[in-house]
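Heads up, the thing below is written out as structure tokens.
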Amino acid sequence: MSDPRPIGVFDSGMGGLTVMRALMARLPSESFVYLGDTARLPYGTKSADTVRRYALQAAQALVARDVKTVVIACNTASMSLPALREALAPLPVIGVIEPGAEAALAAAPDGPVGVIATEGTVKGGAYRAAIRAAGGETVPIAQQACPLFVPIAEEGLVNGPIVEAAIRRYLDPLLATVPKPKALLLGCTHYPVLKTEIAKVAGPDVTLVDSAITAANAVAKLVDERDIASNAAVRSIRFLATDAPDRFANVGEIFLGQPIDPGLVELVDLQ
Ligand code: DGL
């Protein structure tokens, strides 16, 4: 049986398009609806209660578009995974924290693991807990919040002196920790667009890890297990943004790795 309903994906802004890119490659017959809550970005500096409320509203907007599963393509909002699962049951919901923790342990099974993420993700300690739960009980973990990375990435800035200065500001102290991280987990879906510059600062002995591919594998497994995969020959891709759809289409291209037709981006209000 084929289930042609789309998979819903959301983030505070365009960062989740890095996950969407991996999902589109991994699941070529699936349709997708992506929502970027661009009017209320960033989530990373907001309280856990506010992020939970925003995440619920975003997920419900996707449910209203008849999605068959919801992917929280945002680390900060993935901390609200239990609340979303409860609110949307029996609809399956997947976050990016567990796939990210698995990817970090695959890259450096004994660590040390460095985690760079938003303030909210670092404060919530979700990665520490997920790495421990995934078998890394004794893995040394060092965390660093990088609040400037999201506005820089949303600006479409991916290299140059401002980017390098911001990366050095956060990475220099993290890389100076003893023991030095062997794997550096990009614990925010906005960060993969800064990967080339982060790699230059981190150096060749640090493996950069992001959760996009492991998250896409988890979604592939889920649609298979639940028997809700699509075998459509042609799929549809749609985008929703809570502000500035034209800007979303222009800058979003950097994150998705392919052009976004502005005609496919609908302005929505989640309030
Ligand atoms: N992309 C989101 C994440 O993965 C957060 C960005 C924000 O602060 O809104 O955490």
Side-chain angles (χ1 to χ4, degrees), residues 8-23 34-59 70-81 84 93-101 103-104 114-130 143-158 166 170 184-195 198 208-216 218-219 239-244 247-248 251-252 254-257 270:
V9 183
F10 81 88
D11 177 42
S12 58
M14 302 178 215
L17 291 170
T18 60
V19 178
M20 176 88 159
R21 182 180 187 161
L23 285 165
Y34 179 94
L35 186 152
D37 193 3
T38 44
R40 303 190 293 195
L41 170 120
Y43 283 5
T45 50
K46 303 208 164 59
S47 71
D49 281 350
T50 297
V51 172
R52 193 176 312 114
R53 187 158 48 85
Y54 288 179
L56 268 169
Q57 289 172 340
V70 169
V71 180
I72 312 175
C74 172
N75 293 264
T76 314
S78 289
M79 286 187 294
S80 308
L81 182 63
L84 262 70
V93 185
I94 283 195
V96 286
I97 300 272
E98 282 164 23
V115 178
I116 53 173
T118 65
E119 278 174 61
T121 301
V122 167
K123 266 194 212 146
Y127 268 113
R128 192 176 290 279
Q143 302 196 84
Q144 174 69 51
C146 308
L148 286 174
F149 285 5
V150 169
I152 285 174
E154 285 275 330
E155 194 56 37
L157 272 183
V158 294
Y170 301 125
L184 183 61
L185 177 53
L186 308 183
C188 170
T189 54
H190 279 77
Y191 299 178
V193 295
L194 305 175
K195 207 169 180 174
I198 293 173
L208 300 196
V209 178
D210 80 67
S211 55
I213 290 172
T214 35
V219 176
F239 302 92
L240 313 172
T242 54
D243 193 23
R247 185 168 194 284
F248 179 94
V251 185
I254 299 170
F255 293 80
L256 191 62
L270 301 183

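Start at 1 with the first residue, then count along the sequence. Atoms within each ligand, like the ligands themselves, are counted from 1 in listed order.
Remark: side-chain polar atoms of T76 are not paired, donor with acceptor, to backbone N or O of T121 under 3.5 angstrom. When atom types are taken as modelled, the side chain of K195 and the backbone of Y191 share no donor-acceptor pair closer than 3.5 angstrom. Judged by distance alone, the side chain of Y34 and the main-chain N or O of F10 form no donor-acceptor pair under 3.5 Å.
In this structure K123 satisfies the side-chain contact (heavy atoms from CB on, under 4.5 Å) test together with E119, sequence neighbours excluded. Under the side-chain contact (heavy atoms from CB on, under 4.5 Å) criterion, A103 pairs with V209, T214, not counting sequence neighbours. Under the rule for a side-chain hydrogen bond (donor to acceptor under 3.5 Å, both in side chains), Y54 has no partner lying at least two apart in sequence or in another chain.
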Between ligand 1 and the protein, tabulate every N or O atom pair separated by less than 3.5 Å, reporting distance only.
from: ligand 1; atom 1: 1 (N); to: D11; atom 2: OD1; distance (Å): 3.0
from: ligand 1; atom 1: 1 (N); to: T189; atom 2: OG1; distance (Å): 2.9
from: ligand 1; atom 1: 1 (N); to: H190; atom 2: ND1; distance (Å): 2.8
from: ligand 1; atom 1: 4 (O); to: N75; atom 2: N; distance (Å): 2.8
from: ligand 1; atom 1: 4 (O); to: N75; atom 2: ND2; distance (Å): 3.0
from: ligand 1; atom 1: 4 (O); to: T189; atom 2: N; distance (Å): 2.8
from: ligand 1; atom 1: 4 (O); to: T189; atom 2: OG1; distance (Å): 3.3
from: ligand 1; atom 1: 8 (O); to: Y43; atom 2: N; distance (Å): 3.4
from: ligand 1; atom 1: 8 (O); to: G44; atom 2: N; distance (Å): 2.7
from: ligand 1; atom 1: 9 (O); to: S12; atom 2: OG; distance (Å): 2.6
from: ligand 1; atom 1: 9 (O); to: Y43; atom 2: N; distance (Å): 2.6
from: ligand 1; atom 1: 10 (O); to: N75; atom 2: N; distance (Å): 3.3
from: ligand 1; atom 1: 10 (O); to: T76; atom 2: N; distance (Å): 3.0
from: ligand 1; atom 1: 10 (O); to: T76; atom 2: OG1; distance (Å): 2.6

